[in-house]
Amino acid sequence: MKKSAFALTRRAAAVALLAAPFLLAHAADFPSKPIKFIVPYTAGGTTDLVARTVGQKVSEKLGQPVLIDNRGGAGGNIGMDAVAKAAPDGYTIGFGAISTNALNPHIYKSMAFDPRKDFTAISLLGMSTIVLEVPASSAIKTVPELIAAAKKNPGLPYATAGAGTSMNLAGVMFAQMTGTELTHVAYKGSGPAITDMLGNTIGVMFDNLPASLPHIQAGKLRALAVAGATRSPSLPDVPTMAEAGLKGYALEPWFGVYGPAKLPAPIVKALNEAFVEALAMPDVKAKLQQAGFSPRGSSAQELTTLTDTEYKRLGDVAKKAGMTAD
């Protein structure tokens, strides 16, 4: 028995040694074909803008097309599940977020993936700003006025890009801290929600700033406050939630690039270097900052640590708030 087991162990080791050069050669040739970059939200939102802007530069760096694949639905879970189930060869990567990789597992009844086990972190992409807004025609002009309206009309609806998103979390936090009852209306992305805001179909929205900024600047939407700890450079005259009276309110969504689990280190290195370099380019930084996004690359380990830390933190927040999503 012992001799047989020893023989099997030696045989397995031999197979591994024979396979290693092939795997290393494959990684060394990476990339040799187009890379699919799955964005788990519909086109027209913050993630789509960032993915297309940065993806173009990554394509130039790696010498292969980076194809953006928008797969919205289930708060980003559908798209990221496709990433988790892809072959770990670097040719399918995903645009993960604070929602898909830290919050969603705590609020969805069933999850097809575990963000702590089913992905390989590649690099941070940066942070966004959440804006609380109303249509320009709304009689509500300040956060205190919105709170008063919500108290007068329990169940006041507000829109977001989807259940389980950081915008949904922003709405839950707002209701908790103001003692109001709000009804969440989840859309499949910022684009459809903004369309209904512009058409006055719904009167309040929490959105990632890049998607709404052009409409705010055009005077079609009115920004009441931003959710970050500091004012947005894109909206210097718009107060933070804390400045508007909600002391201690602060939420800053983060985004990152992930591949499937067990992605080979050489491929992680190649992708990380390409994304970090792209995010540091002056023209990329200027375009994204102008849109209200703060680009920042990182090491793969930094994103791994952030994911684990936020998973634990947001689990406590979601449990306390009783957040759920179907």
Side-chain angles (χ1 to χ4, degrees), residues 12-13 15-41 47 50-52 54-71 76-102 104-105 111-126 254-280 295-311:
V15 171
L17 286 172
L18 290 172
F22 173 78
L23 293 174
L24 288 174
H26 175 73
D29 291 339
F30 178 83
S32 59
K33 62 181 181 180
I35 297 169
K36 182 186 297 182
F37 192 8
I38 295 178
V39 178
Y41 305 101
T47 51
V50 176
R52 292 181 189 279
V54 179
Q56 177 59 40
K57 300 297 185 180
V58 171
S59 173
E60 294 171 6
K61 166 72 174 176
L62 296 178
Q64 289 290 342
V66 174
L67 309 176
I68 307 303
D69 183 355
N70 294 94
R71 298 195 195 183
N77 290 343
I78 293 175
M80 291 307 289
D81 182 44
V83 177
K85 289 180 170 54
D89 55 12
Y91 292 104
T92 298
I93 56 178
F95 198 121
I98 183 176
S99 52
T100 57
N101 290 71
N104 285 5
M111 288 285 291
F113 59 84
D114 184 334
R116 299 165 299 173
K117 300 177 181 178
D118 296 335
F119 297 104
T120 299
I122 295 172
S123 171
L124 263 173
L125 284 164
W254 51 264
F255 303 87
V257 186
Y258 296 84
K262 299 181 181 179
L263 199 60
I267 293 177
V268 174
K269 183 176 184 293
L271 287 168
N272 174 270
E273 290 177 351
F275 273 97
V276 170
E277 183 177 312
L279 288 161
R296 184 171 78 83
S298 74
S299 67
Q301 184 55 54
E302 183 179 349
L303 179 56
T304 297
T305 300
L306 176 66
T307 303
D308 291 342
T309 301
E310 288 285 84
Y311 181 93

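We're numbering straight along the sequence, starting at 1.
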Visitor: Work out which heavy atom in Tyr91 is nearest to a heavy atom in Pro34; give both atom names and the distance.
Guide: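 That closest heavy-atom pairing would be CD2-O, 3.5 Å.
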Visitor: Can you see which heavy atom on Phe255 is nearest to which on Ala97, and at what distance?
Guide: CD2-CB, 3.6 Å
Visitor: In Å, rounded to the nearest 0.5 Å, how long is the span from CD1 of Ile93 to CD1 of Ile267?
Guide: 11.5 Å
Visitor: Quick one: does Ser123's side chain have a donor or acceptor within less than 3.5 Å of a partner on Ala300's backbone?
Guide: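 Absent.
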Visitor: Hey, could you give me the CG/CG distance between Leu271 and Leu263, rounded to the nearest 0.5 Å?
Guide: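 One gets 6.5 Å once the value is rounded to the nearest 0.5 Å.
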Visitor: Within the distance-only criterion (no hydrogens, no angle test), does the side chain of Thr92 pair as donor or acceptor with the backbone N or O of Ala86 below 3.5 angstrom?
Guide: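 No: the side chain of Thr92 does not pair with the backbone of Ala86.
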Visitor: With rounding to the nearest 0.5 angstrom, report the CD1 to CZ distance, Ile78 to Arg71.
Guide: 10.0 Å
Visitor: Using a 4.5 Å cut-off on heavy atoms from C-beta on, say whether the side chain of Trp254 contacts that of Ser298.
Guide: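 No, every pair of side-chain atoms sits at 4.5 Å or beyond.
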Visitor: What closest approach, in Å, do Ile122 and Leu303 show between heavy atoms, and which atom pair accounts for it?
Guide: N-CD2, 3.9 Å
Visitor: Could you measure the distance from the CD atom of Glu302 to the CG atom of Leu124? Nearest 0.5 Å is fine.
Guide: 5.5 Å
Visitor: Side-chain contact test, heavy atoms from C-beta onward, threshold under 4.5 Å: evaluate it for Phe119 versus Phe113 and give yes or no.
Guide: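 Heavy-atom side-chain distance check passes, below 4.5 Å.
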Visitor: Measuring from Met111:CE to Asn104:CG, what's the distance to the nearest 0.5 Å?
Guide: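 These two atoms lie 5.5 Å from each other.
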Visitor: Closest heavy-atom contact between Asn101 and Gly96?
Guide: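 Shortest heavy-atom separation between Asn101 and Gly96 comes out as OD1-CA, 3.5 Å.
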Visitor: Would you find a donor on one side and an acceptor on the other, under 3.5 Å apart, between the side chain of Ser59 and the backbone of Gly55?
Guide: no
Visitor: For the residue pair Phe37 and Val257, establish whether any side-chain heavy-atom pair is separated by less than 4.5 Å.
Guide: yes
Visitor: Check whether any side-chain N or O of Thr120 sits under 3.5 Å from a backbone N or O of Pro260 as a donor-acceptor pair, and report yes or no.
Guide: yes
Visitor: Please report the interatomic distance CD1(Ile35) to CD(Gln64), rounded to the nearest 0.5 Å.
Guide: 7.0 Å
Visitor: For Thr307 and Tyr258, does a side-chain donor sit closer than 3.5 Å to a side-chain acceptor?
Guide: yes
Visitor: In the structure I gave you, are the side-chain heavy atoms of Asp81 and Asp118 within less than 4.5 Å of one another anywhere?
Guide: no
Visitor: Are there more than 12 heavy atoms of other residues, nucleotides or ligands under 6.0 Å from atom NZ of Lys269?
Guide: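 Atom NZ in Lys269 is not crowded, with 12 or fewer foreign heavy atoms closer than 6.0 Å.
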Visitor: If you compare all heavy atoms of Ala121 against all heavy atoms of Val268, which two are closest, and at what distance to 0.1 Å?
Guide: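 Result for this residue pair: O-CG1, 4.0 Å.
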Visitor: Would you mind reporting whether Phe30 and Asp89 have side-chain heavy atoms less than 4.5 Å apart?
Guide: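 A side-chain contact is absent here, since even the closest heavy-atom pair is not under 4.5 Å.
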Visitor: What heavy-atom pair brings Lys117 and Ala261 nearest, and what distance separates the two atoms?
Guide: O-CB, 3.4 Å
